[in-house]
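See below for the structure under consideration.
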Amino acid sequence: MGEDDDSHPSEMRLYKNIPQMSFDDTDREPDQTFSLNRDLTGELEYATKISRFSNVYHLSIHISKNFGADTTKVFYIGLRGEWTEFRRHEVTICNYEASANPADHRVHQVTPQTHFIS
């Protein structure tokens with residue numbers, strides 16, 4: 001929601017999961033860009049791409065353009081969605097074998113039986 005003049009935002013870019021983001025990072029491709037319409041009452045909704053915005057733990061909003069003024073005025077940004085508690089997954093230590101080491105494995109030997117037919 002913005003002012004009823006050229007300072008109203010006209011473009012918004014969303015970046016997900018970049019916790020230390022700065023203005024230098026806005027050169028990268030955003031996860032989604034919105035062309036905004038003037039909204040004086042805060043009634044317009046913009047739908048995000050569901051496939052890109054599941055599992056978001058950090059959201060950066062970059063208001064990249066307005067309708068022509070030198071400054072941009074934003075009065076309100078509303079977000080909708082489902083909140084789930086962030087669970088940090090600890091590193092699991094795993095050992096992988098490029099090739100098996102026979103000394104590390106038990107070997108069950110089966111003795112072949114010889115059958116004589118007479």
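Quick note: numbers below take in every heavy atom, side chains included, and nothing from hydrogens, waters or symmetry partners.
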Shortest non-hydrogen separation from Pro30 to Tyr15 and the atoms involved: CA-CE2, 3.4 Å

Qualifying side chain to side chain donor-acceptor pair (under 3.5 Å) pairs, either residue in residues 22-43, two or more places apart: Asp6-Arg38

Closest contact, heavy atoms only, Arg52 versus Lys16: O-NZ, 2.7 Å

Hydrophobic cluster identity match, Leu36 and Leu79, side-chain contacts under 4.5 Å: yes

Backbone N/O of His58 and side chain of Asn17: donor-acceptor pair under 3.5 Å: yes

Nearest-0.5 Å distance that lies between atom CD in Glu11 and atom NE2 in His62: 8.5 Å

Leu40 CG to His8 NE2 distance, which is reported to the nearest 0.5 Å: 6.0 Å

Where Ser7 and Thr71 come nearest, the two heavy atoms and their spacing: CB-O, 3.3 Å

Considering all heavy atoms, the nearest Val74-Pro9 contact: CG2-CG, 3.9 Å

Euclidean distance, Lys49 NZ relative to Ser54 OG, rounded to 0.5 Å: 13.5 Å

Qualifying ring-ring contact (aromatic ring centres under 6.0 Å, His included) pairs, either residue in residues 24-56, two or more places apart: Phe34-Tyr46

Pair Ile61-Met12, side-chain contact (heavy atoms from CB on, under 4.5 Å): steps then yes or no: CA-CA 7 Å; Ile61 300 172; Met12 177 176 68; 3.6 Å; yes

Ile18-Leu59 co-clustered via ILVMFWY side chain contacts under 4.5 Å: no

